[in-house]
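A quick write-up on the structure given underneath.
Indexing begins at 1, ligand by ligand and atom by atom, following the structure's order.
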Amino acid sequence: MKITIGSDHGAVELKEEVKMVLHEFEDVRVTDVGTFGTESVDYPDIAEKVCADVISGKADRGIVLCGTGIGISIAANKIDGIRAALCGDVYSAIMSRKHNDANVLAMGGRVTGIGPAGEIVRAWVCTEFEGGRHARRVDKIMALEQQKYS
Ligand code: RB5
């Protein structure tokens with residue numbers, strides 16, 4: 001599985017920890033699109049880089065990180081084809097895969113500790129989409145991208 005990861009300045013440390021967890025998986029290949037320092041960057045730019053890889057097929061899934069995980073998950077979900085799940089616990093991470101087929105995981109470097117984040121990532125990487133009735137609902141989510149309300 002190819003995973004592209006990115007963070008803003010609010011989660012650079014967490015990004016390094018998450019990469020170490022991903023390296024536990026022999027079949028996971030990681031691409032890091034930055035940022036790499038403490039200088040302030042804009043999280044929508046990072047979301048775009050990660051999600052572009054997912055949509056183009058360069059990555060199977062993405063992981064996006066910012067201070068809270070909120071801004072970068074909102075940005076990621078603006079991109080057609082992305083289903084980003086902001087997770088702060090293992091149960092949500094598992095359900096985001098089983099029921100929502102989340103192709104992007106978002107977390108907050110200032111809210112989720114390194115230990116819990118590692119468990120979230122392990123669960124999220126290993127869990128498959130259940131399909132069935134959930135596929136119908138995911139299809140409806142994706143159809144919302146085509147709706148115009150004005
Ligand atoms: C950056 O200071 C901060 O706003 C960002 O990391 C994130 O928390 C936004 O949602």
Is there a donor-acceptor contact under 3.5 Å from the side chain of [X] to the main chain of [Y]?
{"X": "R61", "Y": "W124", "answer": "yes"}
{"X": "R110", "Y": "T68", "answer": "no"}
{"X": "D53", "Y": "K58", "answer": "no"}

One line per pair, note the atom names and distance for all nitrogen or oxygen contacts under 3.5 Å between ligand 1 and the protein.
unit_1, atom_1, unit_2, atom_2, d
ligand 1, 2 (O), R110, NH1, 3.4
ligand 1, 6 (O), D8, OD1, 3.4
ligand 1, 6 (O), D8, OD2, 2.6
ligand 1, 6 (O), G67, N, 2.7
ligand 1, 8 (O), G67, N, 3.4
ligand 1, 8 (O), T68, N, 2.9
ligand 1, 8 (O), T68, OG1, 3.2
ligand 1, 10 (O), T68, OG1, 3.2
ligand 1, 10 (O), G71, N, 2.8

Using a strict 4.0 Å threshold on nitrogen-to-oxygen distance, state whether R97 and E130 make a salt bridge.
no
Count the heavy atoms belonging to other residues, nucleotides or ligands that lie under 6.0 Å from CE of M142, then report whether that count exceeds 12.
yes
Criterion side-chain contact (heavy atoms from CB on, under 4.5 Å) against C51, the qualifying member of D80, I72, I79
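Exactly one pass, corresponding to I79.
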